[in-house]
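What follows is a short report on a single structure.
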Amino acid sequence: MKKSPFIIAALLLGSAGVALSQLQTAGTLLVDLDASTYSNGDPTWSNSGTLNDFTTNGDPVRLDDPGGSQGVAIYLDGAGDFFQQDGTAPASITGSGDRSIEAWVWNPSIPDEETVVSWGHRGGPDGTNWSANYGSHGTWGALGGWGGAADMPFQNTGAGAPPAQEWHHLAWTYDSATNTRSIYVNGVLSNSENDGTINTHVGTSILVGAQWADASTVEGALQGSLAVGRVRVHDGVLSPGQVTNNYNELSGDFVSAAPPAAPVPAPLNASPVNRYSFNEIGGSGTTLVDSIGGADGTIVEGGANDGSVGIISSGMVTLAGGVQAESDWVQMPGGLVSGYTDATIEIWATQHDVQNWSRVFSVGDNPDSVMHMAFTSGTDANANELRWNDVPGGNNGQANNFGGTPPNPDEVEVHWLVSIDDDGGLLGDTKVTIYKDGAEVASFETASDLSGLNDTEFFLGRSQWGDNTASASWNELRIYDYALNQDEALGNFQAGPDALGIPEPGVAALVGLVGAAALFRRRRH
């Protein structure tokens with residue numbers, strides 16, 4: 001039969017990657033989930049595709065316009081919220097079957113690995129898991145297949161996760177004819193590989209916001225903490241033109257909020273409640289004076305690897321580093337942060353030599369109740385971590401690999417500021433924001449709050465886990481009873497460790513008088 005001009009034109013447009021003016025499907029549309037059809041408390045998320053509906057697990061929350069953006073989404077908390085297909089993934093998308101996944105996702109922060117949609121399961125052999133991810137890890141941040149060749153980051157350079165707090169159309173495709181896995185971000189090819197094999201386990205259902213640890217158990221650590229607006233799963237391979245078309249078709253429904261204004265350095269709203277400037281001179285046993293709060297610290301004798309203050313570097317406390325059982329450390333009094341609703345920990349520190357998991361600071365009393373920042377992840381100078389644990393055997397929130405590569409260059413002083421806002425999260429949870437040298441470099445949300453942190457120990461350089469003590473110097477430590485913002489972080493960095501960025505009383509009074517006069521003039525009209 002002779003094809004009509006309309007059909008020929010449509011085929012040419014599809015192959016050329018030109019927008020096709022309606023949502024495109026590859027093969028059978030198995031899953032079509034739209035957040036606008038879901039209401040809080042619904043036992044299922046209705047599926048307009050050919051498979052059954054998805055059962056609700058946990059307590060997902062429908063959000064209209066997350067983070068000030070435009071678009072309806074369902075927020076999953078990463079700690080029990082997910083959706084599970086009623087039934088199992090069909091044969092057409094298991095084994096080495098062709099497949100395509102599309103998802104509109106808004107992510108408040110980007111961890112190493114976070115699941116958007118998955119089936120198959122972890123545990124091997126290689127290539128038998130299929131987990132479409134939204135993470136920053138340089139090997140499996142975008143796709144977890146269980147096995148190096150089956151895993152993929154968002155870019156072939158091993159980096160490049162789409163920015164947080166913006167809407168993104170993410171697409172993952174697998175073409176069995178060429179063994180090609182492709183990752184698209186906002187309609188554009190981001191990464192493509194054809195190494196390794198795909199042989200996805202059969203017998204598991206499709207999950208949204210989680211992946212299977214084995215054939216019957218959901219992996220708790222990798223659940224998605226993100227907002228999902230739309231999910232589509234096909235048993236065919238979307239072409240690049242179709243992916244671009246589908247992004248364009250729905251981009252008007254998912255519009256990111258305007259980016260924040262460039263930070264402007266600002267003075268502090270209030271003084272810190274504790275300030276340690278390390279102007280003393282001495283070795284182990286030396287008192288480290290808190291010039292504001294009177295909560296003095298000390299250098300603790302730990303062995304042959306000595307610590308000192310004001311001897312190696314004036315105005316700095318320095319630890320030699322090494323095996324914890326043989327090394328001095330810095331200890332501040334307990335209870336410095338747990339009594340506050342919001343808080344900020346601010347440090348100027350210099351790493352001298354990489355030590356295994358050594359700490360910038362660590363607050364808590366054991367591995368199950370601790371908030372710590374590590375100079376490096378293990379001995380990897382290009383990786384680091386901030387973790388908050390307050391449940392046995394697990395973490396409630398963390399950020400990894402932030403602040404550049406390396407995040408703590410040897411012999412370079414770095415300004416770290418960790419701001420803790422008790423209700424700053426998307427759903428009112430605690431938001432932790434990390435700034436390096438005045439710039440925001442990471443954030444995460446957690447259900448934990450400071451009152452649940454058993455902060456009987458506050459260490460510099462030492463770990464509650466038994467990791468190596470840091471080889472580093474600290475120029476300044478400050479603790480605030482409120483969460484500093486971006487402008488204050490930048491202002492403090494520019495002012496440096498020797499100055500408190502607080503307006504002089506005379507200037508503040510003058511500003512107040514000018515403001516009052518202006519208000520009086522306005523009221524007369």
Close side-chain approach of Leu417 and Glu346, heavy atoms under 4.5 Å: yes
Quick check: do Pro111 and Gln398 have side-chain heavy atoms less than 4.5 Å from each other? no
Check side chain to side chain contact (heavy atoms under 4.5 Å, CB included) between His168 and all other residues, then give those that pass, not counting sequence neighbours. Tyr134, Pro162, Pro163, Glu166, Leu170, Val185, Asn186
Closest heavy-atom pair, Asp437 versus Phe493, reported as atoms and distance to 0.1 Å, is O-CD2, 3.2 Å
Looking at every non-hydrogen atom in both residues, tell me the closest pair between Ala161 and Ile110 and how far apart they are. CB-CG2, 3.9 Å
Looking only at atom types and distance, does a side-chain atom of Asp98 sit under 3.5 Å from a main-chain N or O of Ser176, one as donor and one as acceptor? yes
By side chain to side chain donor-acceptor pair (under 3.5 Å), which residues pair with Thr44, not counting sequence neighbours? none
Hey, mind stepping through Gln211 and Arg122 against side-chain contact (heavy atoms from CB on, under 4.5 Å) and telling me if it holds? CA-CA 8 Å; Gln211 58 182 284; Arg122 299 167 63 81; 3.2 Å; yes
With side-chain contact (heavy atoms from CB on, under 4.5 Å) as the criterion, how do Ser448 and Leu453 come out once you've worked through the C-alpha distance, each side chain's angles and the decisive distance to 0.1 Å? CA-CA 8 Å; Ser448 301; Leu453 183 63; over 6 Å; no
What's the separation between atom CG in Asn468 and atom CZ in Arg462, rounded to the nearest 0.5 Å? 11.5 Å
Minimum side-chain heavy-atom gap Ile101-Val116 below 4.5 Å: no
Taking Ala470's backbone N and O only, do any of them form a donor-acceptor pair with Arg359's side chain (distance below 3.5 Å, no angle check)? no
Quick check, are the ring centers of Trp104 and Tyr247 under 6.0 angstrom apart? yes
Would you please test Gln84 and Ser205 for side chain to side chain donor-acceptor pair (under 3.5 Å) and show each step? CA-CA 7 Å; Gln84 179 178 347; Ser205 55; 3.2 Å; yes
Is the shortest heavy-atom distance from the side chain of Val237 to the side chain of Asp175 under 4.5 Å? yes
Atom CG of Leu76 and atom CG of Asp59: how far apart are they, to the nearest 0.5 Å? 11.0 Å
Sequence neighbours excluded, the answer for side chain to side chain donor-acceptor pair (under 3.5 Å) partners of Ser109 is none
With sequence neighbours left out, what residues match Asp449 under side chain to side chain contact (heavy atoms under 4.5 Å, CB included)? Asp422, Thr430, Ser451
Between Tyr184 and Pro240, the two heavy atoms sitting closest are OH-CG, 3.6 Å
Output yes when a side-chain donor or acceptor of Glu113 lies under 3.5 Å from a complementary backbone atom of Leu222, and no otherwise. no
Trp474 side-chain N/O to Val360 backbone N/O, donor-acceptor pair under 3.5 Å: yes
Inter-residue atom distance Asn356.CG - Asp380.CG, 0.5 Å rounding: 11.0 Å
Matching residue for Phe402 among Tyr435, Phe444, Trp416 - test: ring pair (Phe, Tyr, Trp, His ring centres under 6.0 Å): Trp416
Counting distance only, does the side-chain N/O of Arg181 pair as donor-acceptor with the main-chain N or O of Asp195 below 3.5 Å? yes
Is the backbone N or O of Gly71 less than 3.5 Å from a side-chain atom of Asp65, with the two atoms forming a donor-acceptor pair by type? yes
Please report the shortest heavy-atom distance between Ser69 and Val255, naming the atom on each side. CB-O, 3.2 Å
Pair Asn408, Gln351 - check side chain to side chain donor-acceptor pair (under 3.5 Å), show working. CA-CA 6 Å; Asn408 291 284; Gln351 179 176 234; 5.9 Å; no
Verdict with reasoning, Asp235 to Ser92, per side chain to side chain donor-acceptor pair (under 3.5 Å): CA-CA 6 Å; Asp235 67 1; Ser92 59; 3.3 Å; yes
Just how far is it from atom OG of Ser225 to atom CG of Asp77, taken to the nearest 0.5 Å? 7.0 Å
Donor-acceptor pair, side chain of Ser190 and main chain of Phe154, under 3.5 angstrom: yes
Nearest atoms (heavy-atom pairs only) where Ile206 meets Phe54: O-CE2, 3.5 Å
Just to verify, which of Asn52, Leu33, Thr37 counts as forming a side chain to side chain contact (heavy atoms under 4.5 Å, CB included) with Ser46? Thr37
Kindly write out the residues that satisfy side chain to side chain contact (heavy atoms under 4.5 Å, CB included) with Asp42, not counting sequence neighbours, or none if the list is empty. Tyr38, Ser39
What I'd like to find out is whether the side chain of Val370 reaches to under 4.5 Å of the side chain of Ser362, using heavy atoms alone. yes
Test your reading of the model: is there a side-chain donor-acceptor pair from Thr244 to the backbone of Gly187, 3.5 Å cut-off? yes
When you compare the side chain of Asn401 with that of His137, does any pair of heavy atoms fall below 4.5 Å? no
Check whether any side-chain heavy atom of Val414 sits under 4.5 Å from a side-chain heavy atom of Pro409, and report yes or no. yes
How are the rings of Tyr482 and Tyr480 set relative to one another: parallel (under 30°), tilted (30 to 60°) or perpendicular (over 60°)? perpendicular
To the nearest 0.5 Å, atom CD1 of Ile183 lies from atom CG of Asn156 at 12.0 Å
According to side chain to side chain contact (heavy atoms under 4.5 Å, CB included), who are the partners of Asp32, at least two apart in sequence or on a separate chain? Leu29, Asn47, Ser48, Arg230, Arg232
When you look at Trp130 and Thr128, which way does the side-chain contact (heavy atoms from CB on, under 4.5 Å) test go after all the steps? CA-CA 7 Å; Trp130 181 264; Thr128 53; over 6 Å; no
Criterion side-chain contact (heavy atoms from CB on, under 4.5 Å) on Val231 and Phe83, from CA distance to verdict: CA-CA 11 Å; Val231 174; Phe83 291 92; over 6 Å; no
side-chain hydrogen bond (donor to acceptor under 3.5 Å, both in side chains) partner of His234, the single match among Gln242, Glu102, Arg99: Glu102
Donor + acceptor pair across side chains of Asn194, Thr178 (<3.5 Å): no
Output yes when a side-chain donor or acceptor of Ser131 lies under 3.5 Å from a complementary backbone atom of Asn133, and no otherwise. no
For the student: nearest non-hydrogen atoms of Thr204 and His121, plus distance: CG2-CD2, 4.2 Å
With the side chain counted from C-beta on, respond yes when Trp172 and Ser100 share a heavy-atom pair under 4.5 Å apart, and no when they do not. no
Roughly how far, to the nearest 0.5 Å, is the CE atom of Met371 from the CG atom of Leu386? 7.0 Å
Backbone N/O of His201 and side chain of Trp119: donor-acceptor pair under 3.5 Å: no
